[in-house]
Amino acid sequence: MTKYYMRWQMDPMFIPADPEERVKLWLKMLEMVQAGLKSGSFTDWGICCDSSAGYAFADTDEKTLHASILPWLPYISYDIKPVLPVDQVIANIKQAAAAAAKR
């Protein structure tokens, strides 16, 4: 499985101006976050102190990841990138260095 880093951002156009409605939306979305963490859809999740954006991590495939972000649209927009763990990066660098030394 691939690990994905997701930067997400709230779309202020979809945030209710009414405080009571805003609280309802926030609590519903946070319950969805908790459910995603519990089910393993997300392995980590956080929000910036200004509540405008945050991050999440997921260990999954593209199809499952796509399905897991659909319920958040249009409230949230994403920038999603696959990431490598440090051990894989070290191995890649050593392999590239060895190949360059043979030239």
Side-chain angles (χ1 to χ4, degrees):
M1 282 203 216
T2 303
K3 181 177 228 167
Y4 291 93
Y5 164 66
M6 298 175 271
R7 261 185 53 201
W8 58 263
Q9 188 162 357
M10 302 266 315
D11 188 333
M13 286 185 12
F14 294 102
I15 304 304
D18 177 67
E20 288 182 33
E21 291 299 315
R22 192 168 49 247
V23 167
K24 285 180 192 177
L25 175 64
W26 265 104
L27 291 177
K28 181 178 180 181
M29 290 194 326
L30 290 170
E31 288 171 2
M32 291 170 58
V33 168
Q34 286 180 320
L37 288 165
K38 187 175 181 179
S39 73
S41 293
F42 305 119
T43 56
D44 193 13
W45 183 93
I47 189 168
C48 298
C49 294
D50 68 359
S51 298
S52 67
Y55 74 93
F57 281 94
D59 293 328
T60 190
D61 59 78
E62 291 92 346
K63 181 180 174 185
T64 305
L65 179 61
H66 182 253
S68 71
I69 66 168
L70 285 176
W72 300 92
L73 304 175
Y75 303 100
I76 305 292
S77 61
Y78 292 92
D79 179 23
I80 300 174
K81 302 212 180 320
V83 294
L84 299 170
V86 67
D87 292 338
Q88 286 181 353
V89 174
I90 290 169
N92 287 344
I93 291 171
K94 287 180 179 179
Q95 183 179 3
K102 291 180 182 178
R103 291 185 201 163

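Model, not experiment: these values are computed from the prediction. Numbers here are sequence positions counted from 1.
- Of all heavy-atom pairs between Asp61 and Thr64, the closest is OD1-N, 2.9 Å.
- Hydrophobic clustering, with ILVMFWY side chains joined whenever heavy atoms are under 4.5 angstrom apart, keeps Leu84 apart from Met6.
- Nearest heavy atom pair, residue Val83 against residue Tyr5, reads CG1-CB, 3.7 Å.
- Atom CH2 of Trp8 is separated from atom CH2 of Trp72 by 8.0 Å, given to the nearest 0.5 angstrom.
- Other residues, nucleotides and ligands place no more than 12 heavy atoms under 6.0 Å from the CZ atom of Arg7.
- Between Ser39 and Gly36, the shortest heavy-atom distance links the atoms OG-O, 3.3 Å.
- The shortest side-chain heavy-atom distance between Met10 and Ile76 falls under the 4.5 Å cut-off.
- Taking CG of Leu73 as the start and OH of Tyr78 as the end, the distance is 6.5 Å to the nearest 0.5 Å.
- Atom CG of residue Leu37 and atom OG1 of residue Thr43 lie 8.0 Å apart, to the nearest 0.5 angstrom.
- Leu25 and Val23 fall into different hydrophobic clusters, where Ile, Leu, Val, Met, Phe, Trp and Tyr residues are linked whenever their side-chain heavy atoms come under 4.5 Å apart, directly or through other members.
- At a threshold of 4.5 Å between side-chain heavy atoms, the hydrophobic network of Ile, Leu, Val, Met, Phe, Trp and Tyr places Ile15 and Met13 in one connected group.
- Ile80 places a side-chain heavy atom less than 4.5 Å from the side chain of Ile69.
- The nearest pair of heavy atoms linking Thr60 to Met1 is CA-SD, 3.5 Å.
- Here the closest non-hydrogen pair linking Thr2 and Pro82 is CG2-CB, 3.7 Å.
- With a 4.5 Å cut-off on side-chain heavy atoms, Glu62 and Tyr4 count as touching.
- For the pair Phe42/Phe57, no side-chain contact is recorded, criterion being any heavy-atom separation below 4.5 Å from C-beta on.
- Looking at every heavy atom in both residues, Ala58 comes nearest to Leu65 through CB-CD1, 4.2 Å.
- Taking OH from Tyr75 and CE from Met32, the interatomic distance works out to 9.5 Å, rounded to the nearest 0.5 Å.
- A 4.5 Å side-chain heavy-atom check between Val33 and Ile47 finds every atom pair outside the cut-off.
- Salt bridge present: Glu21 and Lys24 bring a charged side-chain N and a carboxylate O closer than 4.0 Å.
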